[in-house]
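Before we start, here is the structure in question, set down as structure tokens.
Each chain gets a letter, A, B and so on, in the order its sequence line appears, and its residues count up from 1.
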Number of protein chains: 2
Amino acid sequence: MSTSGRPRRATIRDVALEAGVSRGTVSRVLNGEPYVSAQARAAIEAAVAKVGYVPNTAARNLALQRAQAIGFIVHEPHELFLEDPNIGAILLGANRVVSGADHQMVSLVIDSERDSRRVARYLSGGFVDGAVVVSARQNDSLFGAIGRLSIPATLVGRPPADVSVPWVGIDNRGAAAAITGHLVSTGRRRIGMIAVALDRDSGADRLAGFREALGDRFDERLVVARPLYEYTAGRTAMEELLERDPEVDGVFAASDAVAAGALDALRAHGRRVPEDVGVVGFDDSSWARRTHPQLTTVHQPARLLGERAAESVLAQLRGESPEPVGTLLETHVVLRGSA
Amino acid sequence: MSTSGRPRRATIRDVALEAGVSRGTVSRVLNGEPYVSAQARAAIEAAVAKVGYVPNTAARNLALQRAQAIGFIVHEPHELFLEDPNIGAILLGANRVVSGADHQMVSLVIDSERDSRRVARYLSGGFVDGAVVVSARQNDSLFGAIGRLSIPATLVGRPPADVSVPWVGIDNRGAAAAITGHLVSTGRRRIGMIAVALDRDSGADRLAGFREALGDRFDERLVVARPLYEYTAGRTAMEELLERDPEVDGVFAASDAVAAGALDALRAHGRRVPEDVGVVGFDDSSWARRTHPQLTTVHQPARLLGERAAESVLAQLRGESPEPVGTLLETHVVLRGSA
DNA sequence: TTGTAAGCGTTATCAT
DNA sequence: ATGATAACGCTTACAA
């Protein structure tokens, strides 16, 4: 009388038994190696089907010392991971090249200290061979983990000065200066900014570009800051801006989602856009075409950023370019109705 | 003269050597087990730090026969995975309970036959202990894989009749009937529908509910179908509807994103909402509050769906409730300005 | 062409 | 309280 638990999953051993060959031969067939008799191959294939064999990847990874998987790590509140079309496009691009290389991309979202530890643990296994890291904070504990594991990683966005790791990004500062310049050149005199995520390179650099473009005209009372790139942040920040100075006639919002919020706040206060105040955004995300009027904004090649980052990780995996190096991708201003 | 490759990662063995104890003791300390001398513990902790030990999860999973990870599988074009706020909310909910149970959630997106195979392979490893499956098609090859692996899985949405697997969902048909009823009861006479994703239970059921609510008044010329829940689908479908019958005074769009598109198409054709035509959506997603006017729609507890699905998988992992069973969550109509 | 056996890094049982 | 040692399922020399 045997107590039967949940049916054990078939292993190579079972296949070998069934086919009347050794495990080594089974493994060879499974991996499409040459030097196996047609006879053995047929028997093994039949046996695989019969016992319902599926390979155990954990064991395989352990033996092979690799996982055929790349992590896509986002350090961002979950809400934003979903709302932010930029991250989405980056993910899309990365996934395209990762699957093209026949690796599996696994997305991991970090939203707390606990998450951070769990992800570090996850990375430490043979679970992923490398990682694309998005929207890390300037002082992210993740950097420590990645360094310790010495696992190939590439950042999207510029890393803090003291960590050296390959990265791809855009010239946030230059782009911000360019679009602010558009506001200036179209005659706006009292220009404010809704600055966001100043704890990240993107946020800080966009503010720097704004300041640079305005020169003497820069008035720090006209910049209001928010922690996250969100629609509602745009609404409330715009309210605050109008309170501080009802005469503002130009606004640079640090992202399109934020600009959309600003637009609605302006409408609520009876301001016409672009007649009374010109508004510009950043990203050229799907938000930009859904506002009324549509947004003048900075086009950022988000998808391409993802592709490049993934390619960089794969290259590192192949042992190429060991030294960290940053790549800047081009941006450009796209003119629509809002300014 | 030794050729030195990339530095090998430290193992338990290295720690044991360094600390002058056996591997067994190290393992015990690492797993916080009792019955270890303070002395040994201290020595081991020092050694761990010194050699920079990080555990190998693949080996651990192999030995333990579990991965502490749950897959979140979305069968959807990547673009939509990002745009669809519903999926986002489901993911959020699932992730909340998965991380709460100290498991890692890994998201896998299927967008091609090749992806499908790769994901099946991935699942087959010791990589995930179970899976939450979202937006599967009625004849999804994934079902085969999951059945073969006999890995605990729970669907979000009703599975096809011939597969028996636990699921959570909403009464799409009843909800669609209810919101269509609102259109009827507010005096709309020529009511059309923009039906979407008829190859999935949600899409088909919403159409069924619409038909049911209209009874004799149902006119199949007034329903135009689209494959995916997208904003642009709403725009073009609304155009088509206006062409087919310029007199339509009510529209049920199968999702809020689609309704938003319809709204913009109506505006472009000089129709006022809700004066000339009433529009209702489905989901009560973030879209619903960003349109002008805001949408009257069906509230669907997306986040809760994700939580329940994840809980169900965890329960199965604990060996509970072996037999498949479906759960329906409540929805309700929320009235805003669009109808 | 095929079988044998030694790893891969953990955990867990059983002595001690 | 701790040390051996046998799994876990797979790959891969090396022998035959």
- request: Locate the shortest heavy-atom distance separating A:A309 from A:V156; write the atom from each residue and the value.
  value: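 Heavy atoms of A:A309 and A:V156 come nearest at CB-CG2, 3.8 Å.
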- prompt: Where is the tightest heavy-atom contact between A:E311 and A:V97, given as atom of each residue plus distance?
  reply: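 Smallest interatomic distance, heavy atoms only, reads N-CG2, 3.9 Å.
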field: Covered region of DNA chain C, 5' end to 3' end, by chain A [heavy atoms, under 4.0 Å]
entry: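 First and last nucleotides in contact are C:dT1 to C:dG9.
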query: Contacts to DNA chain C from residues 33-50 of chain B, heavy-atom cutoff under 4.0 Å, which residues?
result: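 Hits under 4.0 Å, by residue number: none.
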field: Contact nearer the 5' end of DNA chain D, comparing A:L64 with B:A63
entry: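 This one resolves to B:A63.
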message: Using the side-chain contact (heavy atoms from CB on, under 4.5 Å) definition, which of the options A:V21, A:N31, A:T11 pairs with A:V26?
response: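 Only one option passes, and that is A:V21.
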query: Do the non-hydrogen side-chain atoms of A:I44 and A:V36 ever get within less than 4.5 Å of each other?
result: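 No, their side chains stay 4.5 Å or more apart.
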End axis versus end axis in the helix from C:dT1-D:dA16 to C:dT16-D:dA1, the angle rounded to 10°, five pairs used at each terminus: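 The two end axes of the helix from C:dT1-D:dA16 to C:dT16-D:dA1 meet at 40°.
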message: Can you list, in residue-number order, the parts of residues 19-29 of chain A that come under 4.0 Å of DNA chain C, counting heavy atoms only?
response: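 Nucleic-acid contacts, sorted: A:V21, A:S22, A:G24, A:T25, A:R28.
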field: Close side-chain approach of A:E18 to A:K50, heavy-atom, < 4.5 Å
entry: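 They are in contact (side-chain heavy atoms under 4.5 Å apart), so the answer is yes.
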task: Under 4.0 Å from any heavy atom of chain B: name the first and the last nucleotide of DNA chain D that qualifies, 5' to 3'.
output: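 Going 5' to 3' along DNA chain D, contacts run D:dA1 to D:dG9.
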field: Expected output: side-chain A:D201 to main-chain A:R158 donor-acceptor under 3.5 Å
entry: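 Here the side-chain-to-backbone pair exists.
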field: Residue of the set A:V134, A:N95, A:L91, A:I73 for which side-chain contact (heavy atoms from CB on, under 4.5 Å) holds with A:S107
entry: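 Between A:S107 and the candidates, side-chain contact (heavy atoms from CB on, under 4.5 Å) is satisfied uniquely by A:L91.
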task: Without swapping roles, check the side chain of A:Q316 against the backbone of A:A153 for a donor-acceptor pair under 3.5 Å.
output: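 Yes: the side chain of A:Q316 pairs with the backbone of A:A153.
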query: Taking side chain as C-beta onward, heavy atoms only, is B:D129 less than 4.5 Å from B:P152?
result: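 No, side chains not in contact.
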task: Could you give me the CA-CA distance, side-chain angles and deciding distance for A:F72 and A:L108, then say whether side-chain contact (heavy atoms from CB on, under 4.5 Å) is met?
output: CA-CA 6 Å; A:F72 185 89; A:L108 308 174; over 6 Å; no
task: Apply salt bridge (Lys or Arg N to Asp or Glu O under 4.0 Å) to A:R96 and list each qualifying residue two or more places apart in sequence or on a separate chain.
output: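 Checked A:R96 against salt bridge (Lys or Arg N to Asp or Glu O under 4.0 Å); matches are A:E307.
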- request: Work out which heavy atom in A:A310 is nearest to a heavy atom in A:V98; give both atom names and the distance.
  value: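 The pair with the smallest heavy-atom distance is CB-CG2, 4.0 Å.
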task: Take B:I70 and B:L314 through the test side-chain contact (heavy atoms from CB on, under 4.5 Å) and record every step on the way to the result.
output: CA-CA 9 Å; B:I70 303 281; B:L314 292 170; 4.3 Å; yes
- request: May I have the step-by-step check of side-chain contact (heavy atoms from CB on, under 4.5 Å) for B:V313 and B:T154, ending in yes or no?
  value: CA-CA 6 Å; B:V313 172; B:T154 296; 3.6 Å; yes
query: Does atom CD of A:Q39 have more than 12 heavy-atom neighbours, drawn from other residues, nucleotides or ligands, at distances under 6.0 Å?
result: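 Counting other residues, nucleotides and ligands, CD of A:Q39 stays at 12 neighbours or fewer.
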